[in-house]
Amino acid sequence: MDVVFARPKSMTQQKFHYCPGCSHGIIHRLVAEVIDEMEIREDTIGIAPVGCSVLLYNYLDIDMQEAAHGRAPALATGIKRVLPDRIVFTYQGDGDLASIGTAEIVHAAARGENITAVFVNNAIYGMTGGQMAPTTLAGQSTTTSKTGRKTQTAGFPIRMSEMLATLDGAAYISRVSVHNPAHVTKAKKALRKAFEVQKQGLGFSMVELLSTCPTNWGLKPTESLKWLEENMIPYYPLGEFKNKQGV
Amino acid sequence: MDVVFARPKSMTQQKFHYCPGCSHGIIHRLVAEVIDEMEIREDTIGIAPVGCSVLLYNYLDIDMQEAAHGRAPALATGIKRVLPDRIVFTYQGDGDLASIGTAEIVHAAARGENITAVFVNNAIYGMTGGQMAPTTLAGQSTTTSKTGRKTQTAGFPIRMSEMLATLDGAAYISRVSVHNPAHVTKAKKALRKAFEVQKQGLGFSMVELLSTCPTNWGLKPTESLKWLEENMIPYYPLGEFKNKQGV
Amino acid sequence: MKTLMKGNEALGEAAVRAGCRYFFGYPITPQNELPEYLSLRLPEVGGVYLQAESEIAAINMVFGAAGAGARVMTSSSGPGISLKQEGISFLVGAELPCVIVNIMRGGPGLGGIQPGQADYFQATRGGGHGDYRTIVLAPGSVQEMVDFTYWAFELAEKYRNPVLILGDGVLGQMMEPVIFPPEPDLDKIDKPWATTGCRGRQRNIIKSLYLDPEELEEHNKKLQEKFGLIQQEVNRAEKYQAEDAEIVLVAYGISARVSMAAVDAAREEGIKAGLVRPITLWPFPEEILRVSLPKAKKLLVVEMSAGQMVEDVKLAVCGRLPVHFYGRTGGMLPSAKEILAKIKVLGGGASGRSIR
Amino acid sequence: MKTLMKGNEALGEAAVRAGCRYFFGYPITPQNELPEYLSLRLPEVGGVYLQAESEIAAINMVFGAAGAGARVMTSSSGPGISLKQEGISFLVGAELPCVIVNIMRGGPGLGGIQPGQADYFQATRGGGHGDYRTIVLAPGSVQEMVDFTYWAFELAEKYRNPVLILGDGVLGQMMEPVIFPPEPDLDKIDKPWATTGCRGRQRNIIKSLYLDPEELEEHNKKLQEKFGLIQQEVNRAEKYQAEDAEIVLVAYGISARVSMAAVDAAREEGIKAGLVRPITLWPFPEEILRVSLPKAKKLLVVEMSAGQMVEDVKLAVCGRLPVHFYGRTGGMLPSAKEILAKIKVLGGGASGRSIR
Amino acid sequence: MAKKGKVLFDEERCKGCELCVTACPKKIVYLTERLNQSGYPVAGVTDMEKCTGCAMCAWMCPDLVITVERGETP
Amino acid sequence: MAKKGKVLFDEERCKGCELCVTACPKKIVYLTERLNQSGYPVAGVTDMEKCTGCAMCAWMCPDLVITVERGETP
Amino acid sequence: MQQEVIVAGFGGQGILLAGQLLAYAGLMENKEVAWFPSYGPEMRGGTANCTVIVSPRRISSPVVEEPSAALVFNLPSLLKFESKVKPGGLLLINSTLVERQPERKDLYAYLVPANEVAQSLGHIRVANMVMLGAYLELTRAVSMASVLKVLEKTLPEQSRYLLPVNQKAMELGAQVVRRATAIGA
Amino acid sequence: MQQEVIVAGFGGQGILLAGQLLAYAGLMENKEVAWFPSYGPEMRGGTANCTVIVSPRRISSPVVEEPSAALVFNLPSLLKFESKVKPGGLLLINSTLVERQPERKDLYAYLVPANEVAQSLGHIRVANMVMLGAYLELTRAVSMASVLKVLEKTLPEQSRYLLPVNQKAMELGAQVVRRATAIGA
Ligand SMILES: Cc1ncc(C[n+]2csc(CCOP(=O)(O)OP(=O)(O)O)c2C)c(N)n1
Ligand SMILES: Cc1ncc(C[n+]2csc(CCOP(=O)(O)OP(=O)(O)O)c2C)c(N)n1
Ligand code: SF4
Ligand code: SF4
Ligand code: SF4
Ligand code: SF4
Ligand code: SF4
Ligand code: SF4
Ligand SMILES: [Mg+2]
Ligand SMILES: [Mg+2]
């Protein structure tokens, strides 16, 4: 018998601190698998965001920096300019990337900064206890939109992938989901592409991963996957929005 | 004989401090004309940016606030939420709106904040003496890109109108130019539309005006108009990118 | 009637009752219950809760709304308050009233989320650029979170200056009984300087730019005169067992509550300990330290920081009394026990010798 | 060979010679010549000049680059420095070395663009959150803009802490002759903590979060010990005519240059005036004020602010000498004449009486 | 010759989220009543014989609980 | 009956930028040699008779120097 | 006398609520009260706890260093808080979930099979009320009647029917300790 | 003696450059020098000025309060700086552009038709050198030769041919004041 699935080598042995069923775990693993497969563990520098995944550095066995909330793309820029032959990626939540860090991600993309952003969109502020995010769906209830997000006053959920794809510096932008095994496979492929785009020096790459926050959505993990599929995907269509590599 | 062209009533008598041939003067006047024509002088609150046009409040005879660099859309949001029946607009340069103020304009648009942004894109930081802006064209020489902007290291010029048009909250987005009388007329129409969109409560509106900075471009005013036409318009195509009003 | 409320929520309710109708903020622990409360409460009274895209956007929305004449508030903690520093400097420069709440946590950097008091310098000196001051109020109980919120709005508008409420994770998270004072009469408040559209009057301009340095100096003089006036009119501290105290603790906020317990414990052991609790941190209540501690032989400053207010205490007593310090950092609270031990190490009130 | 250079440009050239290869910044007057110079110069030496989208992005790029082991710098003025405060707190928290230049202008708010010194509190106390300090160097000439830039990088790396160079519009804009010292040997510098990819070693983590308050307190203790060490090892001031001076001026940067002229003028009139010029503002050179002014009867602090360093002077002398203040704000420079007049009002060095 | 699979659960990592349960095409993964030290009920397999080693359970497990082996049926 | 125009220059506001010069379809606007108090040469009209009052000069003038009148030719 | 109690267990065991009920009841009896929770959603899973002070006079510090009593609902809480209780204080252990005995001998310790009792009432979620009942029986910090009044005021309409079971739970908790003698002390 | 001079006029008149040449020349002569400009691109149009100190000893303050000389190139500069010059100081006025006479009587004032002279050389842009020549003639702050050497070193290759006209301009400026007598003082 061969081992066909095991813990990636780029991960530490530490147990995740995440809530049961939280997608961060799946996505952490996918990133580690891509690092393993590309054999870049020793050449990669990751940036942890401020969000539930701030402790990413406890789980990935690579060099890492921890950014101020939203500023991971700026850190990545600083690192990549100093070490252009390393692989540099950010891992960011939707509050981090789509709210406070809007300017940093837009300009990293506009500059064609040769880095990769792993963007975990769970439509909520997980770490701070479930407040509305810019990505929160219309009608979705959160601790700061208890009666459901009203677009009239709280605005419309923002589609970062579509927006960033308008920028010339963006080389690869795609949106995937992790709500079932088939999509997890696709998500991994997208991550691999994004890292390859960086390796080839083509410019900015980002993968937006639709994901769950069972705790703050107030749903069971399995219900969360369903909610994601039925509510998030219609508003956040999956697919590639930019691919300079053309593969 | 009838007076067919005279100083708009919404302007003060003060002389502009701008350099000879600077487009800010034209655009100030267009804003004042629209205010006059809509008879909203006493109902309008403007926000001056940090940039050459920071002294806008010396020229428009209306209530005004001065924002920190890039934050005019946040001020406008604050004002409009308190006074929803007033007309609130920002006047912002490309450094102000497309660089330091990226997050504020993106989210004002995403929220569908019912305000109008008058975006003066002269492809440079005028006030600080001609440094590269995010909107500076590839190859364009500035005091921080003396040998011409290299997209490889300094990134690609950013098209704000196209980017913001991807947002659901944006009701009216168009790009115009002021390089000749015909286009100045069109520019005014666009401004009028933007203000009308606000009056109708349709959401966020923005007019991007391609304009000149003869001093920092190192060109004579008349040459500047030509340079704008020949270099900026090909990269920044004119037109409406969003029009919820549909008129 | 007394109700039991969390500090964060009580502060929110107090703001509403004090006439605040606009809140702009961004989530951060340990103050989240405040915006969460207001996100439900403000719409009920016709107000607006708006979650901004960042703390910077929030403070600038506050600028806009304050300039439009509204009673407006924002809140945050540590990193978020740092991001507001440019905005606060602009608010003071433009003389706009507003209330800013900092529910402090441990720093520096991302630090932690447990209670802290290490933003004292930032609050009292202004972490932004230029010569400016904000009034800083330091509540020590949930009731004071309420009372000082009313007071903060009053002061802000009286002096056209931002007012900071400096709480911490304990004050924000704990529940105590509170009574809400009667709502103030806001009709009296006139803001002829507000930018509301210039209907029937000369237009108003709200700005902080004075390109001519002589004008900017004039503006600064005006501001400094205002700050001087505030120093005269606003400063408050509470004394506890201080009249005959030989060793006087100086502490604010939650540290003062713990220090009070330490004073009790010291008294039980026969040590003449007392406490001065600064309530306004800027203006710092220097007078009370200078003139009203007849028996004091030494001061012991207790903070949840590496020692910040201790500078103001030293400046106040100007070498006339020795000033000692006991602090905990990183989210750790000092305990009454530790403080008592420190009092004993210092020999109680005795100068130089241990008292037992 | 001496060359004539603008302060801003000389600082840029000094950074390059000191081994700085990375600059991230955002335009603002009156420091623009510095980034402009480096935008041409850095690519010549294989370095990178990158204009960030904002000061916040810039300081965080500095964080990334410093963490990657590079010598890196950023610069700004007033409002831009305020925006960097969160980032600076993070840099200190993560113990990253870098150099931050503030070419001060008048504030608060947008203020003006003429020279100022009102960011002293922000620089010396840290305008950000949490207990942290940055070393602050105050050059007084273009030559010192050069020398202190070398020194700043050295200190930053020695202590793994950001170092601030606090200049002002005059120092940045004026030209004076300068000599560039020999370039330091950078090969010796080892940064085993840098995140460069974990080839052949255990991975490195650069962070400032310690969720456990006990760990965060430990971290803070370590930082405080470092700050204590810096206080012992780094503090510098220059004395001018101070040995027999009865009235001693205390001023830094360009104010000190003007004060020096005032001292000359006073001496010409027979007044025993002298000057102490703090060179490190944090650590503040307390000792020199405390012990090395044998004849001093009073101190006169001169600043281009409403009075900020004056607090450090008071803390240093702790009531042993009267401390007076003369300041200009808003971009106005004090003149030697005015200062002399103030000296006379204070009665020169005589205590209480006018000296002539 | 059909492929045969085997799954191993690192039970102390399990949080009982049941994502593996819904993921398994053979419907052989279920939540046991065993609690681990963190107090979570842990996942297990009803009938290992039916396992094809497709690893879908492992792909969905957020906590890297599951290791999957596969080989020829002898 | 053709329209006839008239343009008036508020010379103290003029900065000699010549945008009016290039804008005039009748080519009658030019830069005079007169300097105003700010030291700028000011714009003027060669032949007012030809002016149609189309206001193109005024539309392009950044400094609001020009007032345009128009009426029926008598 | 000033009562300082710490209530600790897993999140979801009604820990914070039990503490709040106690504080509310104290308020109702015109006592001074303070309630302070552990906080920080950043810590996923793990334990929750809160401290409550009920006092006849002004409460100086709301932060409890040495509680006069601890109600522990699970093993980690026992490990963490046993050592903190002041000598001669009270330690109530939810013996359904905690198999271990207390180590200290200078406390009055009681084993309360709270989950078991709650289960017997058909409502596992009232285990917290069982513990609270036991605590009140031993300390009279507030009266059970006050707690019930608070419940009555704060329970939403559709949960009113749960009042009797809550009351019963407290009573059974009280019974447990009335019958038992303390271990140690 | 320490020379403190202010040079002031419209932007574009070579004001800052004239000041820099003077400072460079001082440096070349191993003197202490300092140059400080008015700055701020925020002020569009308007006047430019700079102050230069050339001194045999360490310069205490680089900021000039009472210049020993002022070179004014236009009327606004005369209005602004005449009052600042120290009593007994020097005031050089570009009389081509400034029709007005100086008001103070306690200064040595000279009218130098700088533009006119420059025009006569066919290079209006050397008006600044005419004024500089006049100033050097009166003060010997530095030698004309030093200024020329600086020009030689700093002029780009393709502008070298302008050296003679610059020299001529300085000489003519010197001539003007050699022949004239000061107004006032
Ligand atoms: C400057 C600053 N503002 C706010 C916070 C508080 N904060 C921590 S995480 C977070 C957002 C988390 O949401 P997201 O980025 O979506 O990540 P998630 O936890 O959902 O994965 C916020 C607002 C902070 N630490 N720093
Ligand atoms: C926080 C902050 N950063 C930088 C500056 C300096 N600054 C003033 S205006 C300006 C940019 C001006 O460019 P733009 O917005 O394009 O306006 P323009 O002058 O070209 O019309 C900058 C960077 C500032 N005042 N505040
Ligand atoms: S709060 Fe949400 S995002 Fe955070 S760990 Fe829990 S489930 Fe995941
Ligand atoms: S610098 Fe440019 S933008 Fe500014 S006033 Fe002059 S021409 Fe206009
Ligand atoms: S490997 Fe496939 S068949 Fe086997 S348990 Fe997992 S999901 Fe089911
Ligand atoms: S998916 Fe993983 S953590 Fe969840 S129940 Fe299955 S094995 Fe356990
Ligand atoms: S109005 Fe028309 S025709 Fe007359 S001067 Fe102006 S542009 Fe020329
Ligand atoms: S466009 Fe206006 S400012 Fe320019 S030259 Fe013509 S009249 Fe003068
Ligand atoms: Mg999220
Ligand atoms: Mg611009």
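All chains are named by letter (A, B, ...) in the order of the sequence lines, taking the proteins before the strands, and each is independently numbered beginning at 1. Computation of the quantities below employed the complete heavy-atom set of this structure, encompassing side-chain atoms and omitting hydrogens, waters and symmetry-equivalent molecules.
Two residues are said to be in side-chain contact when any heavy atoms from C-beta on lie closer than 4.5 Å; A/Glu66 and D/Ile205 fail this criterion. Looking at D/Glu53 and A/Val106, their side chains never come closer than 4.5 Å, going by heavy atoms from C-beta outward. With a 4.5 Å cut-off on side-chain heavy atoms, D/Phe90 and A/Leu75 do not count as touching. Between D/Leu209 and A/Leu55, some side-chain heavy-atom pair lies under the 4.5 Å cut-off. D/Ile56 has its side chain within reach of A/Glu104: a pair of non-hydrogen atoms, C-beta onward, lies under 4.5 Å apart. No side-chain heavy atom of A/Arg81 sits less than 4.5 Å from a side-chain heavy atom of D/Met61.
The salt bridge (charged side-chain N to carboxylate O under 4.0 Å, His left out) analysis of residues 119-134 of chain D, with sequence neighbours excluded, yields the pairs C/Glu311-D/Arg125, C/Glu311-D/Arg133, D/Arg125-D/Asp312.
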**Request:** Could you walk me through whether A/Lys80 and D/Val48 pass side chain to side chain contact (heavy atoms under 4.5 Å, CB included), step by step?
**Result:** CA-CA 11 Å; A/Lys80 187 76 180 187; D/Val48 173; over 6 Å; no
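For A/Ile47, no part lies near chain D; criterion is any non-hydrogen pair under 4.5 Å. Proximity to chain A is limited to the backbone of D/Ala194, based on heavy atoms less than 4.5 angstrom apart. Within the 4.5 angstrom heavy-atom criterion, atoms from both the backbone and the side chain of D/Ser208 approach chain A. Only the backbone of A/Ala67 comes within less than 4.5 Å of a heavy atom of chain D; no side-chain atom from C-beta onward does. Heavy atoms of A/Arg41 lying under 4.5 Å from chain D belong to its backbone as well as its side chain. When heavy atoms are compared at a cutoff of 4.5 Å, D/Leu50 approaches chain A solely by way of its side chain, counted from C-beta outward.
Around atom CD of D/Glu183, more than 12 heavy atoms belonging to other residues, nucleotides or ligands sit under 6.0 Å away. Around the CD atom of D/Glu44, the shell of radius 6.0 Å holds more than 12 heavy atoms that belong to other residues, nucleotides or ligands. With a 6.0 Å radius and a threshold of 12 heavy atoms from other residues, nucleotides or ligands, A/Lys189 has its NZ atom at or below the threshold.
For A/Ile45 against D/Thr195, the heavy-atom pair with the smallest separation is CD1-O, 3.6 Å. The shortest heavy-atom contact between D/Thr196 and A/Arg86 is O-NE, 2.6 Å. For the pair A/Asp63 and D/Gln202, the tightest heavy-atom approach, listed with the atom from each and the gap, is OD1-O, 4.5 Å.
The backbone N or O of A/Tyr57 sits less than 3.5 Å from a side-chain atom of D/Arg203, completing a donor-acceptor pair.
The line from CD of A/Gln65 to CG of D/Asn60 is 10.0 Å long, rounded to the nearest 0.5 Å. In this structure, CZ in D/Phe63 is found 8.5 Å from CD1 in A/Ile79, a value given to the nearest 0.5 Å.
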